[in-house]
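The figures here come from the full heavy-atom set of this structure, side chains too, leaving out hydrogens, waters and symmetry mates. Below, chains carry the letters A, B, ... as their sequence lines are ordered, and counting in each starts from 1.
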Amino acid sequence: MTTSAHPPADAAPATGAAANANGAASNGALLDVRQLVKYFPVTRGAIIRRRVGWVRAVDDVSFSISAGETLGLVGESGCGKTTTGNAVMQLEPPTSGEVVFEGRNLLKLDPSERRKARRRMQMIFQDPYGSLNPRMSVGKIIEEPMYVHRLHASRKERRDRVRELLELVGLSPWHAARYPHEFSGGQRQRIAAARSLAVEPSFIVCDEPVSALDVSIQAQIINLLRGLQDRLGVAYLFIAHDLKVVRHISNRIAVMYLGKIVELAGSDGLYDRPLHPYTRALLSAVPVADPEIETRRKRIILPGDVPSPVNPPSACRFHPRCPWAQARCADEEPKLTAVDGGRQVACHFWREIEDSGGVPPVAPSEALRAG
Amino acid sequence: MTSADPLLRVNDLAVEFQTDEGTVHAVNGISYEISAGESLGIVGESGCGKSVSSLAIMGLVPRPAGRVTQGEITFGERDLLKLSTHEMRLVRGQQIAMIFQDPVSSLNPVYPVGRQIEEALRLHLKMSRPDARARAAELLDTVGIPAPEERVKDYPHQLSGGMQQRAMIAMAISCQPDLLIADEPTTALDVTIQAQVIELLAGLRRELGMAVILITHELALVAGFCDRVAVMYAGYIVEYAPVRELFARPQHPYTVGLMKAVPTLIGERTEQLANIPGSPPDLLDLPHGCPYAPRCPFVRDECRVEVPDLRDRGDGHPVRCIVDPTTGDLR
């Protein structure tokens, strides 16, 4: 994994950029998400329900993932990262856009075709307590997807495969007879991983797979997911709010804010040289386990809270909180455009901000009061 | 650990819970102290006893299941464990205040936030209603809530998570306590909001000169905020050191493992995270000897016999371990 999982940013597939620029099909990408939109209706009235607005959870999001690659998707609560994952998986039908997986647009397939295509894409959820059926034994839980997709003809074959999978994720074959409540949170995430691998997927959406776990257990699961990728070549869309974890596991990272991708770059590039003001603020907010660095660090404190996705701010959605915002930011939406090194950023002034050294014109104490 | 006149001194504190399955040994004899204006970090994973020990300071260990079985908690001149319920109520809020992880369940949903702050002011400081009302708005302003005169009338659900936590902080500092206990104050918040709240707490600590105990599972959070750190595991303090010393020279195998289990944000990317095998021990049935022994890479036979003492070897950095994790040899 040392080399294969972490190609330099420049070597990261440029398919995402290509697809955005001209909307054309890109070759080589395992998953290609184009102009994905997911709105939820806001309704009022108990008897006669009428729609009074839309929650713009995901608004024109495009990215691609190559075979065996990990794309990290980060952002704070309500930024639309989980909805993006669900829409890619077709758990919630997207409002518009395309999700091209292994060459086929999932939105255009009929239900039985879609089900077949979905065998190759699986999901691991955040909550290891809610995502496993408490009435089924672990063996049954892992066997069920094979049964649904008619993967192994005989029961014996399926049982053998269950044992194999349990060992693959670091559990023992005899765990198959046990029930979820007998396992700790970390072990349950191992079971969830085994279940997702049962149908030999090429792509797994990991939605905050370690955020419910203690630090020492997090490391176990992260190491497991990376090991599985090494051995099986599966690609991940890794959704998380923990920027340290995302940096560790991802080849490339997309940063979301209020339903939009504001920056997409190779993992090292993003952390060494964040370009978007939101990425800068996000990274500066994460505490570092080194008192020497912490005392010297300049934090960018953002004023106020994330606005509601029902009435997002005009043009650049970040402009009301952005320390560098100018008049243009409220009038003209910055497009996600390719800049050097195959990375993309959606900001009118990223170059000026970088040239000025990235120090915000507002002091932290002022920002704190400006909410 | 020997400053002349600490504000708070916890000595050999133990807390147990009686459950249907048996006795949970949540806190097993911990000692620390904190001076006026100082900031102490208590770090550990879930179930390590970090929250329960602070509840004991506040006299809030849930009864009858929970019980402080031994120790003293000296605050100023008095042992808090010997105070009557009434006396304890006067200490709580006025001299020691606490904020919790989940501001939603700490605020009363049926009263406006302003009124909840007024209540503390009227009870402890005997303020008149109009004075308390004006002061409540001032306090909301102090914690950076915009348009405070309007916000005092808001109910908790009308505020965002970050604003709720700020309202909690306003309530906590309303009587200018000498000590603020912050139990995972930012865990439920997004990282940019966490930065706001930590910045706020650091500023208030400077301005009001209050001591702060920051309880968290995140080592990195104490790095920038605290003067000293206690690392807890299975109800024991396993390591206790000034913050720079702890991060420069972690001495307990658990602390070392914890630091290597977290990926880095800046600098070289960690290639492989340290695996701490297994899970924390069952507090109903602690293993013999050192509770970390079953997971420890440096474990020796002696470790399984008795719990090592928290020993200061003259460097002001006591450690509860007989092995030096840098060499793997006995100390």
Contact residues of residues 183-193 of chain B (partner chain A; heavy-atom separation under 4.5 angstrom): Asp190(B), Val191(B), Thr192(B), Ile193(B)

Beyond-backbone contact of Arg247(A) with Thr264(B), side-chain heavy atoms, under 4.5 angstrom: yes

Closest-packed option against chain B by number of heavy-atom pairs under 4.5 Å, given Glu294(A), Arg297(A), Gln220(A): Gln220(A)

Validation row: Ile222(A), Gln272(B) side chains within 4.5 angstrom (heavy atoms): no

Side chain proximity check, Gln194(B) to Pro287(A), heavy atoms < 4.5 angstrom: yes

Options Ile266(B), Leu200(B), Leu221(B), ranked by heavy-atom pairs under 4.5 Å with chain A, top entry: Ile266(B)

Best-contacting candidate, Cys226(B), Gly161(B), Ala248(B), Gly278(B), against chain A by heavy atom pairs under 4.5 angstrom: Gly278(B)

Max heavy-atom pair count under 4.5 Å with chain A, selected residue of Ala195(B), Pro263(B), Gly224(B): Pro263(B)

Close side-chain approach of Ser279(B) to Gln187(A), heavy-atom, < 4.5 Å: no

Separation of Arg269(B) CZ from Ser250(A) OG (nearest 0.5 Å): 7.5 Å

Spatial distance of atom CZ (Arg244(B)) from atom OG1 (Thr295(A)) [nearest 0.5 Å]: 4.5 Å

CD on Gln196(B) to CG on Asp305(A), rounded to 0.5 Å: 6.5 Å

Where Leu273(B) and His248(A) come nearest, the two heavy atoms and their spacing: CG-NE2, 3.5 Å

Arg299(A)/Glu199(B) ion pair, N-O < 4.0 Å: no

Heavy-atom check, side chain of Arg226(A) versus side chain of Glu271(B), under 4.5 Å: yes

Part of Glu268(B) within contact of chain A (heavy atom distance under 4.5 Å): backbone

